[in-house]
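By convention in this document, chain letters (A, B, ...) are assigned in the order of the sequence lines, proteins followed by strands, and residues within each chain are numbered from 1.
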Amino acid sequence: MNNSFPRLIDGMIEALRQNVLPATEGEFARGQVFGVIFLLKNLRLRAGWSTAFLGEQLAALDELRLSLEQIDGLSADAPRPAKLAEVTEQARDAGDAQVCALIDWHAAQGTKIPAVERAVDAYLHRQLRHELSTSAKPMFAEISLGKERST
Amino acid sequence: MNNSFPRLIDGMIEALRQNVLPATEGEFARGQVFGVIFLLKNLRLRAGWSTAFLGEQLAALDELRLSLEQIDGLSADAPRPAKLAEVTEQARDAGDAQVCALIDWHAAQGTKIPAVERAVDAYLHRQLRHELSTSAKPMFAEISLGKERST
Amino acid sequence: MSGGLPDLTARFDAHVTKLLGRPVTSRGWKQYPSGFSWSTYGVSIEAPGFDGVTELVLRLGPPNGLFAPYSAAPQFEALKAVEGTAVPAPRAFAWSDDESILGAPFFVAEKSPGVTVIPWDADDRSPRSDGAIGQQFADILGELHALDWTRTGLARFGEGLTRQNAAARAVDEWERGYRRWATRPHPMMHKVLAWLRAHAPVAPRLSIVHGDYRLGNFLEQDGRITAILDWELVRLGDPHEDLGWSCLPQYRGGTELMSQLISRDELYARHEAKTGLPVQPESMHFYTIFSLLKLAAVHMAGAHAFEHKGFFDMRMPAMATQIAPVLRQLEKALEAAS
Amino acid sequence: MSGGLPDLTARFDAHVTKLLGRPVTSRGWKQYPSGFSWSTYGVSIEAPGFDGVTELVLRLGPPNGLFAPYSAAPQFEALKAVEGTAVPAPRAFAWSDDESILGAPFFVAEKSPGVTVIPWDADDRSPRSDGAIGQQFADILGELHALDWTRTGLARFGEGLTRQNAAARAVDEWERGYRRWATRPHPMMHKVLAWLRAHAPVAPRLSIVHGDYRLGNFLEQDGRITAILDWELVRLGDPHEDLGWSCLPQYRGGTELMSQLISRDELYARHEAKTGLPVQPESMHFYTIFSLLKLAAVHMAGAHAFEHKGFFDMRMPAMATQIAPVLRQLEKALEAAS
């Protein structure tokens, strides 16, 4: 899933405007497309990734931070997620960038620290499970064929 | 604007499914409609009214609560918004229900208290200004006529 | 009602066959896009038709519609009440609230000639330049309000109604609407309801109130209004109620003209000439605020229909976005009043 | 490229007129819905055409496309390289990366007969029952990997490439893709990149790698594969790379068959028969994980194109929703490897 809520909304609006409107017959149906566009514009001003959605991701980062603190002798150079102050996309992305740096740092070390590996893997697993549990059932057949799937 | 984010999303999906798909020609364009539906289903799982949007509404309620506290001799019976614990739709609606009860109570009083009137009016004004500043420009011509407005 | 046109056609034919006592096969079905609430179809039947009329309009009130559950009785009785008067309207032939017949309350009327103008289409189709439509718009409203309805089928909706309680009843009715449709509490509505109860005027007479008299709800042809449509909010009450509604800023399209048709002064003057009732400033103030409250409630009905009744027309949530602007107008109107 | 078809037609005619040295008027333009990246058009020109061919395909790489900026050179050279070999593909006639000609890099090829099968359409059009297509699918891939490309136009893309650095170069290329397209940091990608660098195998030979060899990227007719399409990710490298990609679970459609066409054992056996190279389990493991990383990066490219390049095709953000499932597959694959 994408990162930026407003850009996602903008893209949906443009897809409707550029790809759907010209192929839709009748003023009622086209009006309905404009209605969806209008609502999307309102959502752009009022909605965002939910606190529940982001909060779980940030809780996972915090769990990783605490796990790393308990690893004896972990080099002070090792990148790690900072303590989080707020529930935002930016906080999640900053935390993930620190985890990326930690993984790169650990990959470059001659001697691997199994506890770091375990802590990172636990984080990756928790994050992925959450991502998957907040994903809708794929609709690729419908998207490609333009019709409901019979199965 | 509506209250329930998931119901709004559901309605947009059904409008696309019931009103747009049958009037849209070509598998590419229909596929695009399914693409919008699919993304909306994902938003349903991941998005909600933003903290910024709800937070301002709750700050307005809190301001009213503090104003009421400073009114000497306001009857203990007078309904008023409670102190807020969390930034949610439910908290906003509960607060607004208390403001509604306060207005009804005050309307039923023989003697009006101007300070209550002023505090409530200040709240109504702040809430409305926020609602309007988070609203997209109306698209009623487009929705009714199914075409872009020339003006 | 989506997807059910073949079924609807068959049921319609069966019912009309029964009504007319001869086999009827309808043809040329067309759904009109206008109308936020009742579904409207154009349909033809073979001569001799109803009373000679073969081009018909069928209106159905769908169970998930804006103000559902519906009854077709008030609309039918209103059309009957104005038949043969100076108020042009389609002749109505049949109605029923029995959902076993067509799946929803319905009525059948003649198809009047002419086209509608949508209030927010600023682009073209403007019929307003010479003022003739605006004058008719005012005159017809005056004629409607001057009618004696006491011997019509509408009389049964006026039980217990007095010039003294007409305003309070109107407020009661729309407070019920607000409580039914609001998807969240709106403190401003409570403030306005309290103000309305404290300022209810006495009606100068009890009239048929169209309830949605404005640009967009009539047909015109060759510079003449051929039919007043959309009687679903018809009621009995203070004639100022229709005046307040038709003067809402929402229907002025950025012009100084009420419903984009006629100046306020001329509307009032022509209305007074037809009814013999001078327009009362206090009543207009009351019914302007009442009309805004009613409009806010209508917008809430849109949110409610979309979110709770499975009425997935994108115009519904679009209407819902206009609750706040109307509440803002109410705030300003009450400020001006205090 | 939306909305520009008349302009495109005129520019195409002018360019083909110049290429063929006679006036050409194209007709029958049709855009094919398939393809997530390059735009594909079918078009006819008058005889004698290109080399006798009058039914053409024009492919354009739009500036806001999935992997843009594009070059048409690799695809053109790949089609030229396989012309006249046992690898069926459209004959290519012209190409250019000069955007002043048609507004985007493009190439022109013959229109091959046959239809495509979409990987996730489980409903119908299944060509798989008798296995003949699957056998050809395997054999053609073996033929491709056995080709000597050193004297073809592809040779210029192989500078400095060795059997030892082929895997690392492939990882480098897709790490660049990840860094270019990711709309947010993905720690799992870093873990996988580190694993890939630590486990890079030596290639048994350097082959033409199609880069997207799977169900959906070939035409079939009467039980025969008539053309391998979609060469935009063509590169030189380890033949295991194509095997790993074509065996991805994403293309199995819930069956046990690779690309819904052929069992893994038979694919390997036929490939070995054509190339003389036994499939190496370690290499397959590496290129399976590599292919998942590449697929995750492709999905990220979808998010990037939609959010940052104005490519408003709803398939893009739909692809982006599949990043997490692929990262989950990578997690499982690395778990199994450790």
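In terms of non-hydrogen atom pairs under 4.5 Å with chain C, the most contact-rich of A:Gly26, A:Gly31, A:Gly35 is A:Gly35.
In terms of heavy atoms, A:Leu39 sits closest to C:Ala318 at CD2-N, 4.0 Å. Scanning all heavy atoms of the two residues, the minimum distance from C:Gln322 to A:Phe38 falls at NE2-CZ, 4.4 Å.
Taking C:Trp29 as the reference, C:Phe12, C:Tyr41 meet the ring pair (Phe, Tyr, Trp, His ring centres under 6.0 Å) condition, with sequence neighbours excluded. Applying the salt bridge (charged side-chain N to carboxylate O under 4.0 Å, His left out) rule to C:Arg224 yields no partners; only residues at least two apart in sequence or on another chain are considered.
With values rounded to the nearest 0.5 angstrom, A:Lys41 atom NZ is found 12.0 Å from C:Thr321 atom OG1.
Paired with C:Met314 under the rule side-chain contact (heavy atoms from CB on, under 4.5 Å), one option of A:Ile37, A:Val36, A:Val33 passes, and it is A:Val36.
With a 4.5 Å cut-off on side-chain heavy atoms, A:Phe28 and C:Arg315 count as touching.
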